[in-house]
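So that the names make sense, note that chain A is the first sequence line, chain B the second, and so on, each numbered from 1.
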Number of protein chains: 2
Amino acid sequence: MRRFRGEAENKVDAKGRVSIPAPFRRVLEEGDPDWTAGLNPNFVIVYGRRNSKCLEGYSLSSMNDVDDLVSRLPRYSKEREILERLLNSQSIYVQVDENGRIVIPPRIRERAQITSKAMFVGMGDKFQIWEPDSYRHDMVAIDQRLSENNFEDEIYSLLDYNESNSEKI
Amino acid sequence: MRRFRGEAENKVDAKGRVSIPAPFRRVLEEGDPDWTAGLNPNFVIVYGRRNSKCLEGYSLSSMNDVDDLVSRLPRYSKEREILERLLNSQSIYVQVDENGRIVIPPRIRERAQITSKAMFVGMGDKFQIWEPDSYRHDMVAIDQRLSENNFEDEIYSLLDYNESNSEKI
DNA sequence: TCATTTCCCATGATACACCATTAGTTATCG
DNA sequence: CGATAACTAATGGTGTATCATGGGAAATGA
């Protein structure tokens, strides 16, 4: 399964329309079971994450994967109910139009404080939509963490460590 | 699995096109699950490493290996989130064209300060793309380190150490 | 009705597919 | 065995499809 990769900063017009970056569309198409050549893919935007100011886009198939994970939690457990709430009530089904654009409703745009520009960020099985400056701040924070006492080397070496010691989580 | 070996300095034209060295293409083909004779391989370029000024090319299968390693880190851990960000947002899916070339987008070329030439450097399961002068500087720096109090011998002796002590290197 | 949303068409820039050339290497054949 | 043909690799150039974006007409709905 292809992954969402890369960054793209696109304009949001007065009607709330934004182009989905073409490479992301390819991934969405692949993840939409109903999609065939000539059609436009549909997908899901989740806006429920509280501690990061961005929206998250899931292809239909990867949204299914997440739903499956949730359904493995005990029925009626507090955790499951909250996740169900965040993932289901705080999300919308989105249709890509003929020109590769979507419309983000005002209420949801406000969530991420998106006004005139949107930064699309690949995250593998999902992508994020940020207000560009917020994203850059977030990225600077990551850079700073990485530059602190060889944190980058440390992080990369975690890979080797885990390679030999743990199973897949 | 065949490995990326050797160096090659190729021209980058005004449109950002560069030839992938033919031997590297052979490795990329082998690492692309969808590739068959007659087709051109696809792969991934990662530009997220902070403390080295080069781009890194991964075959699809070795990129998968890296993704798998990351997914063994605890979900939502700081380390994992940072790695996911670096590996996914700071990377692009690349398609080799009929003539064995790729296009490196301007933004990414700037990362490595590549203008008119690119140095391809084999690194086993991945390869690096350098601005040729930067690469030569890096190589000189390595030579100097190696000449300091038998560092070279020390380094090679690490191999013996690991051979006897760990399972996987 | 008036505002908002949805659909359709237009456009400039860019990216991509396609064709051409050169040089070096290997293969073929008289 | 030497000459030439066939191939592959790297590189240059060109036309066309695609992408991101803007604007307006039709449809919707409060």
### Task
Examine B/Phe127 together with B/Phe43 and report whether their ring centres are nearer than 6.0 Å.
yes
### Message
So which atom in B/Leu28 and which in B/Ser59 form the shortest heavy-atom distance, rounded to 0.1 Å?
### Response
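For B/Leu28 versus B/Ser59, the nearest heavy atoms are CD2-CA, 3.8 Å.
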### Closest contact, heavy atoms only, B/Ser61 versus B/Met1
OG-CE, 3.7 Å
Of the candidate nucleotides [options], which contains the atom at the shortest distance from the side chain of [X]?
| X | options | result |
| --- | --- | --- |
| A/Asn99 | D/dG12, D/dG22, D/dC19 | D/dG22 |
| A/Asn10 | D/dT21, D/dG22, D/dA9 | D/dT21 |
| A/Ser19 | D/dA10, D/dT21, D/dC19 | D/dT21 |
| A/Arg17 | D/dA9, D/dG24, D/dT21 | D/dG24 |

Reckon [X] touches a base, only the sugar-phosphate, or nothing at all at heavy-atom distances under 4.0 Å?
| X | result |
| --- | --- |
| B/Arg107 | nothing |
| A/Pro21 | sugar-phosphate |
| A/Ile20 | sugar-phosphate |

How long is the line joining [atom1] of [X] and [atom2] of [N], in whole Å?
| X | N | atom1 | atom2 | result |
| --- | --- | --- | --- | --- |
| B/Lys11 | C/dA23 | NZ | C1' | 12 Å |
| B/Phe120 | D/dT11 | CZ | C1' | 13 Å |
| A/Lys117 | D/dT21 | NZ | C1' | 12 Å |
| A/Asp97 | D/dA27 | CG | P | 18 Å |
| B/Ile104 | C/dA15 | CD1 | C1' | 15 Å |
| A/Arg109 | C/dT4 | CZ | P | 12 Å |
| A/Arg26 | C/dA15 | CZ | P | 15 Å |
| A/Glu98 | D/dG22 | CD | C1' | 17 Å |

### Task
Taking atom CZ of B/Arg145 as the centre, report whether more than 12 heavy atoms of other residues, nucleotides or ligands fall under 6.0 Å from it.
no
### Message
Around atom OH of A/Tyr93, are there more than 12 heavy atoms from other residues, nucleotides or ligands closer than 6.0 Å?
### Response
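Yes, enclosed.
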### Query
What about B/Lys15, does its side chain sit under 3.5 Å from the base of D/dT14 through a donor-acceptor pair?
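Between D/dT14 and B/Lys15, which were checked side chain against base, a qualifying N/O pair under 3.5 Å is present.
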### Task
Compute whether any side-chain donor of one residue and acceptor of the other, for B/Glu131 and B/Gln113, lie under 3.5 angstrom apart.
no
### Task
Answer with yes or no whether the side chains of B/Arg111 and B/Gln90 bring together a donor and an acceptor at under 3.5 Å.
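Yes, because at least one side-chain N or O of B/Gln90 sits under 3.5 Å from a partner of the opposite role on B/Arg111.
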### Message
If you assign each of A/Pro106 and A/Arg101 to its closest nucleotide in DNA chain C, which residue comes earlier from the 5' end?
### Response
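In this pair, the answer is A/Pro106.
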#### Entry: N or O in side chain of B/Arg25 less than 4.0 angstrom from D/dA9 OP1/OP2
yes
### Whether A/Ser62 side chain and A/Tyr58 backbone form a donor-acceptor pair below 3.5 Å
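Looks like no, no N/O pair under 3.5 Å.
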### Message
Between the opening five pairs and the closing five pairs of the helix from C/dT1-D/dA30 to C/dG30-D/dC1, how far apart are the helix axes, to 10°?
### Response
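That helix gives 30° between its end axes.
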